[in-house]
There are 2 protein chains.
Amino acid sequence: MVITLQLDSDVPLYEQLRNQIVVGIATGVLEPREKLPTVRQLAEDLGVNTMTVNKAYALLKQEGYIVIDRRHGAKVNAPSENDSLQELSPKLAQELELIIAQAAIQGIDPSRFQSLCAPIFAKMTYRYT
Amino acid sequence: MVITLQLDSDVPLYEQLRNQIVVGIATGVLEPREKLPTVRQLAEDLGVNTMTVNKAYALLKQEGYIVIDRRHGAKVNAPSENDSLQELSPKLAQELELIIAQAAIQGIDPSRFQSLCAPIFAKMTYRYT
DNA sequence: CATTTGTATTACAATACATAATACAAACAA
DNA sequence: TTGTTTGTATTATGTATTGTAATACAAATG
């Protein structure tokens, strides 16, 4: 998986890394039960510190996106149907509200917004088994 | 307009303030050409420093959401039809992709996502003249 | 001219970010 | 067992961001 970090961004490196892995999981670039690189390996590849990668992994683990074995390293979490919560978390809902507000001010109406979301959704191949 | 700041949030105060004003404009709580409080007044009301409010105003001005006269203070920018760009900025598009990715992993499909967006859009009364 | 507006400057404290160098605990292989 | 690899914890250091504080400045208005 290709990961590109912007050093001059206002988004912290560990957060950029976390975000790209989440998108990778959703788009299927990273498959369930797929093994992620070790923190040391990924840190070396990206040219960042070990603890920066570790911080991203710890975040993903806390959010349930990956599972971690001491020896086997980090793996993408396999989805289960029962945790299919059809609601957005308050944080996500607030972020979505802010995006829609900005879109509305730009004159984008609901149907236009939907047509902007459609191709994004089309990329998300993540499916429940 | 009611503004509530969370001091223990990871989002900076000036960014929380900026976000709530944007939502206020989109929802019509703040109307076009409406005068915003002065930086000193709003800072006092919120219990924060003058420069924190100023930072939010400067950001909103740079983004085109408000206009600022030296004497008259800050006002909500009136919309014009010609700047109705039907595309999202790269930054917004990336944020939207991240939200959709997380929604997809939670098992939310496009139609469900649309039904989550609908009530949010319904609150946005911002219209072009 | 005097007042009010946003803005700039400087200093300071607290926190967050990222790196660096180690070291530790758990899990597995030989 | 012994050794290796894994994520993790610790400590230290430097830098950047955030927020406050006090003050001053420039522009617009009455």
Side-chain angles (χ1 to χ4, degrees), chain A residues 1 3-22 25 30 33-78 91, chain B residues 1 3-22 25 30 33-78 91:
Chain A
M1 178 186 183
I3 292 179
T4 53
L5 299 181
Q6 289 186 322
L7 297 179
D8 60 343
S9 169
D10 55 332
V11 182
L13 296 179
Y14 74 91
E15 202 171 323
Q16 292 184 45
L17 183 52
R18 174 263 180 197
N19 290 344
Q20 293 190 35
I21 290 178
V22 168
I25 294 175
L30 297 174
R33 284 175 292 274
E34 179 174 342
K35 191 177 176 304
L36 295 178
T38 67
V39 287
R40 290 172 178 81
Q41 182 65 53
L42 188 51
E44 189 182 356
D45 290 351
L46 297 176
V48 299
N49 191 269
T50 310
M51 296 314 296
T52 302
V53 177
N54 180 250
K55 203 166 178 178
Y57 276 23
L59 197 55
L60 289 162
K61 172 189 174 184
Q62 183 201 334
E63 297 173 318
Y65 289 117
I66 65 176
V67 289
I68 288 176
D69 283 348
R70 271 283 180 181
R71 174 66 171 181
H72 288 106
K75 291 186 307 180
V76 176
N77 199 357
K91 184 184 175 186
Chain B
M1 178 185 181
I3 292 179
T4 52
L5 299 181
Q6 289 187 322
L7 298 179
D8 60 343
S9 169
D10 55 332
V11 181
L13 296 177
Y14 73 91
E15 202 172 324
Q16 292 183 44
L17 183 51
R18 174 262 179 200
N19 290 344
Q20 293 189 36
I21 290 178
V22 168
I25 294 175
L30 297 174
R33 284 176 291 275
E34 179 173 343
K35 190 177 177 304
L36 294 179
T38 68
V39 288
R40 290 171 176 81
Q41 183 63 54
L42 187 52
E44 189 183 355
D45 289 351
L46 298 176
V48 299
N49 191 270
T50 311
M51 298 313 297
T52 302
V53 176
N54 183 63
K55 204 166 180 180
Y57 276 23
L59 197 55
L60 289 162
K61 172 189 175 185
Q62 182 200 334
E63 296 173 319
Y65 289 116
I66 66 176
V67 289
I68 288 177
D69 283 349
R70 272 284 179 182
R71 175 66 169 180
H72 288 106
K75 293 186 305 179
V76 176
N77 200 355
K91 185 184 175 187

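Per chain, numbering begins at 1; letters A, B, ... match sequence-line order.
Distance from the side chain of Thr38(A) is smallest for dT6(D) among the nucleotides dC17(C), dT8(D), dT6(D). For Ile68(B), counting side-chain heavy atoms from C-beta on, the closest listed nucleotide (dG19(D), dT19(C), dG6(C)) is dG6(C). Distances from the side chain of Thr52(A) to the nucleotides dT7(C), dA18(C), dT18(D) place dA18(C) closest.
Note on Lys61(A): only backbone sugar-phosphate atoms sit closer than 4.0 angstrom, heavy atoms only; bases stay farther off.
In this structure, the CD atom of Gln6(A) is 18 Å from the P atom of dA16(D), given to the nearest Å. Between the C1' atom of dC17(C) and the CD atom of Glu15(A) lies a distance of 11 Å, rounded to the nearest Å. The interatomic distance linking Asp8(B) (CG) with dA16(C) (P) rounds to 11 Å, in whole Å. For Leu36(B) and dT7(C), the CG to P distance is 12 Å, given to the nearest whole Å. In this structure, CG of Leu42(A) is placed 15 Å from C1' of dA18(C), rounded to the nearest angstrom. Here the P atom of nucleotide dA20(C) and the CG atom of Leu13(A) are 12 Å apart, to the nearest Å. A straight line from CG of Leu59(A) to P of dG7(D) spans 16 Å, rounded to a whole angstrom. Atom CG of Leu46(A) and atom P of dA18(C) are 13 Å apart (whole Å).
A 4.5 Å side-chain heavy-atom check between Tyr14(B) and Val48(B) finds every atom pair outside the cut-off. Under the 4.5 Å side-chain criterion, counting only non-hydrogen atoms from C-beta, Asn77(A) is not in contact with Tyr65(A). Taking the side chain as every heavy atom from C-beta outward, Val53(A) and Leu13(A) never approach each other to under 4.5 Å. Within the 4.5 Å cutoff, no side-chain heavy atoms of Lys55(A) are placed close to those of Leu17(A).
Phosphate proximity of dT18(D) to Tyr14(B): present, with a side-chain N or O under 4.0 Å from OP1 or OP2. At least one side-chain nitrogen or oxygen of Lys55(B) sits closer than 4.0 Å to the OP1 or OP2 atom of dT18(D).
Heavy-atom minimum distance, Lys61(A) versus Ile68(A): CD-CD1, 3.8 Å.
A side chain to side chain contact (heavy atoms under 4.5 Å, CB included) with Val76(A) is found for one member of Leu30(A), Leu60(A), Val67(A) and no other, namely Leu30(A).
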Fill in the blank from the handout: Contact string for nucleotides 21-30 of chain D, one letter per nucleotide 5' to 3', B = base within protein heavy-atom range under 4.0 Å, S = sugar-phosphate only, - = neither, reads B--B-BSBB-
Could you pull out all donor-acceptor pairs under 3.5 Å where a side-chain atom in residues 39-47 of chain A meets a protein atom, sequence neighbours excluded?
| from | atom 1 | to | atom 2 | distance (Å) |
| --- | --- | --- | --- | --- |
| Gln41(A) | NE2 | Asp45(A) | OD1 | 3.0 |

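Nearest-nucleotide assignment on DNA chain C puts the 5′-proximal partner with Asn54(B), out of Asn54(B) and Leu7(A).
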